[in-house]
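Just so we're on the same page: letters track the sequence lines, and every chain starts at 1.
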There are 2 protein chains.
Amino acid sequence: MERARRATLKDVARVSGVSPTTVSFVLNDTPGQTIPADTRAKVFEAARSLDYSPHRLARALREGSSRVVLLKLGDLRPGHSMDGFVTGMRHELSRHGHTLVVHPGGAGPALMAEFVATLAPRAVVDLAGPYQQAATDGNGNDGGWVDGLAAHTMTQLAHLATRGHSQIALALPDEAAAEPLAGLRLRHAREAWSQLGSQELHPLHVPATAHEAAGAVRTLRVHHPQVTAVAAFDDETALRVLAAMADAGLAAPADLAVIGFDDGPYGALWRPTLTSVHIDGESFGRRAAREALGIDPGAPVTPASTVVQRQSA
Amino acid sequence: MERARRATLKDVARVSGVSPTTVSFVLNDTPGQTIPADTRAKVFEAARSLDYSPHRLARALREGSSRVVLLKLGDLRPGHSMDGFVTGMRHELSRHGHTLVVHPGGAGPALMAEFVATLAPRAVVDLAGPYQQAATDGNGNDGGWVDGLAAHTMTQLAHLATRGHSQIALALPDEAAAEPLAGLRLRHAREAWSQLGSQELHPLHVPATAHEAAGAVRTLRVHHPQVTAVAAFDDETALRVLAAMADAGLAAPADLAVIGFDDGPYGALWRPTLTSVHIDGESFGRRAAREALGIDPGAPVTPASTVVQRQSA
DNA sequence: GGCGATCACTAAATCGAATTAGTAATAGAC
DNA sequence: GTCTATTACTAATTCGATTTAGTGATCGCC
């Protein structure tokens with residue numbers, strides 16, 4: 001089976017009657033070279049007629065890196081805003097002639113090294129890194145109270161505050177409670193709740209099994225009967241709380257209001273439907289892409305998150 | 001900022017006292033070359049002490065393709081078994097010195113071409129392709145009734161048959177009902193239901209909005225009152241049906257039994273808990289990886305899917 | 001007229017690997 | 001002793017792009 005040979009730069013040179021060097025200068029608009037317009041036109045025409053496209057591997061080898069930007073998700077849980085982030089980032093990079101490749105969560109450092117070696121990316125964007133740094137020393141560069149996690153947490157809790165709640169719980173998935181992101185979320189929540197002039201905020205660890213989750217909710221009500229609302233780590237955790245409440249014979253929002261986070265696809269199906277926080281991941285992704293390429297990211301888009309009002313809170 | 005220069009093949013040659021060609025012969029165990037054991041040992045030691053690793057771009061350029069396998073998801077909806085498929089495929093490819101890169105769903109042909117050009121993959125695995133071909137001409141190579149979609153459909157429906165249901169509906173998400181996969185699922189379901197010696201199977205299109213979904217369920221009950229169970233396209237569709245039933249004052253499984261598909265994380269949280277089908281995507285992914293590399297994939301693992309028994313069916 | 005800068009190009013090298021096409025020495029068979 | 005095959009290597013090329021280091025001609029200024 002004979003395959004049509006792809007056109008090379010040398011083919012373009014032969015057809016346009018100039019050297020391969022000149023072709024490269026024209027196609028790359030190389031600074032410091034003067035090429036007259038008619039030569040340029042000849043080269044562009046030759047490239048077009050041959051359907052020439054640079055051999056990406058060869059170019060990357062010569063340039064020292066490819067035009068890939070690698071996004072490392074780390075152990076961040078998938079969610080709606082992450083999809084938006086990836087989409088926004090992908091589109092912005094594509095506009096600048098780069099390709100986004102996503103490195104999967106749950107993979108170890110050896111696989112990450114292999115990805116980097118294989119792809120020779122121009123940049124690696126660590127999505128979880130700023131959260132881990134913020135959890136460690138408070139100095140993460142994740143958008144903070146403007147368009148980062150703290151801002152979305154404020155959106156979430158402000159909704160409860162305007163609903164008159166004064167004592168609330170932050171529901172964290174039990175299996176993820178020891179992770180840096182959970183600690184960071186708790187810290188943001190405490191600060192936001194304090195800024196909102198409200199009172200106590202209690203952590204509520206929600207196990208994955210229904211029986212245990214119901215127990216945790218009952219314990220909360222026994223130890224903190226003045227807690228009237230739950231802000232959840234994410235929608236899945238919120239739905240765990242709602243299921244536990246159903247098992248414990250409690251109704252939302254009458255007995256306990258529940259607000260999710262990151263507006264997944266199931267909240268609208270639930271009974272009661274879940275109030276959640278919609279996060280604009282796409283804008284954040286666009287800005288992250290520009291930063292990765294060393295371009296001015298522009299001003300943050302605000303509000304970066306909004307409440308999706310449904311029945312549960 | 002000075003970066004340590006990576007060791008090249010020439011460095012290994014210099015340190016081991018042989019030519020770069022000999023180093024390549026040793027490290028690649030090139031057929032048709034005879035290298036004595038002490039020369040091999042010298043080369044391996046030099047490579048180890050220099051932490052040498054081939055420059056992937058250069059190697060790919062020379063070999064004509066990289067050691068990437070590209071997985072194209074197409075417009076397949078994310079699910080539990082797909083995660084397993086990707087994990088299985090990744091691990092198997094890694095064992096054979098290859099790297100899996102996932103091409104995102106929802107992206108157009110131009111992005112796919114850019115991915116292929118950029119990565120120069122050794123193989124492209126089209127996950128949705130066999131389903132589309134099966135939907136078109138019935139000859140897809142997707143594992144069929146052994147470990148493919150048809151087999152999982154049979155698992156789903158056999159559960160209902162053993163529960164004594166004789167007339168059922170297949171619930172399809174309204175917005176995806178016109179896609180080839182939905183048509184294929186319906187065809188498999190009809191065939192499986194016929195093979196199980198049972199009677200009629202009716203399609204049920206479930207809209208995304210709660211109000212309309214409830215209407216669809218009521219219409220089903222009016223037009224087909226003998227239908228006693230619903231097999232859903234996936235878990236999300238099943239939860240739509242359950243939500244619609246709750247809105248219509250119906251109980252599962254007493255009024256209508258409901259079984260999901262692909263065992264997502266939310267079925268266990270619903271009340272009643274959702275019975276679903278667990279699909280072994282990981283084994284399938286391992287075999288797909290081996291096929292991509294031209295290795296014998298081995299025998300299919302069966303059963304490729306099992307019922308997760310909960311409350312709804 | 002001479003000198004320096006600019007224009008419009010080119011040959012060669014580079015990137016780092018794998019492959020091709022050898023060579024000299026040695027061993028075994030006739 | 002001669003011929004052939006094998007062993008144990010090597011120099012050069014290839015892959016396809018970009019970059020480096022030029023050259024000859026022309027123009028403008030002094």
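- When heavy atoms are screened at a 4.0 angstrom cut-off, P36(A) is found touching the sugar-phosphate backbone but no base atom.
- A perpendicular orientation is assigned to the rings of W145(B) and H188(B), their planes being inclined by more than 60° (bins at 30° and 60°).
- With rounding to whole Å, L9(B) atom CG is found 17 Å from dT14(C) atom P.
- Rounded to whole Å, atom P of dC15(D) lies 23 Å from atom CZ of R56(B).
- Checking dT19(C), dC9(D), dG16(C) against the side-chain heavy atoms of T21(B) singles out dT19(C) as nearest.
- Across the protein-nucleic acid pair, K10(A) atom NZ and dA12(C) atom P stand 12 Å apart, rounded to whole Å.
- For the pair R62(B) and F25(B), nearest-nucleotide mapping onto DNA chain D gives the more 5' position to F25(B).
- Between T39(B) and the phosphate of dC9(D), there is a side-chain N or O to OP1/OP2 separation shorter than 4.0 Å.
- Between H103(A) and F115(A), the ring planes lie perpendicular to each other; the angle is over 60°, past the 30° to 60° tilted range.
- Comparing atom distances between the Q33(B) side chain and each of dG16(C), dG16(D), dC9(D) picks out dC9(D) as nearest.
- Within the model, atoms CG of D11(A) and OG1 of T8(A) stand 3.5 Å from one another, a figure rounded to the nearest 0.5 Å.
- Distance CG (L27(A)) to P (dC9(C)): 15 Å, rounded to an integer number of Å.
- Distance CG (L61(B)) to P (dG16(C)): 12 Å, rounded to an integer number of Å.
- Here the P atom of nucleotide dC9(D) and the CZ atom of R40(B) are 11 Å apart, to the nearest Å.
- When heavy atoms are screened at a 4.0 angstrom cut-off, T34(A) is found touching base atoms of the nucleic acid.
- Between V43(B) and F25(B) there is no side-chain heavy-atom pair separated by less than 4.5 Å.
- In this structure, R122(A) atom CZ and dT18(D) atom P are separated by 11 Å, rounded to whole Å.
- The pair R287(A)-D147(A) meets the salt-bridge criterion, with a side-chain N (NZ, NE, NH1 or NH2) lying under 4.0 Å from an Asp/Glu carboxylate O.
- Comparing P20(B) and A58(B) against DNA chain C, the residue whose closest nucleotide sits nearer the 5' end is A58(B).
- Between L57(B) atom CG and dA18(C) atom C1' the separation is 15 Å, expressed in whole Å.
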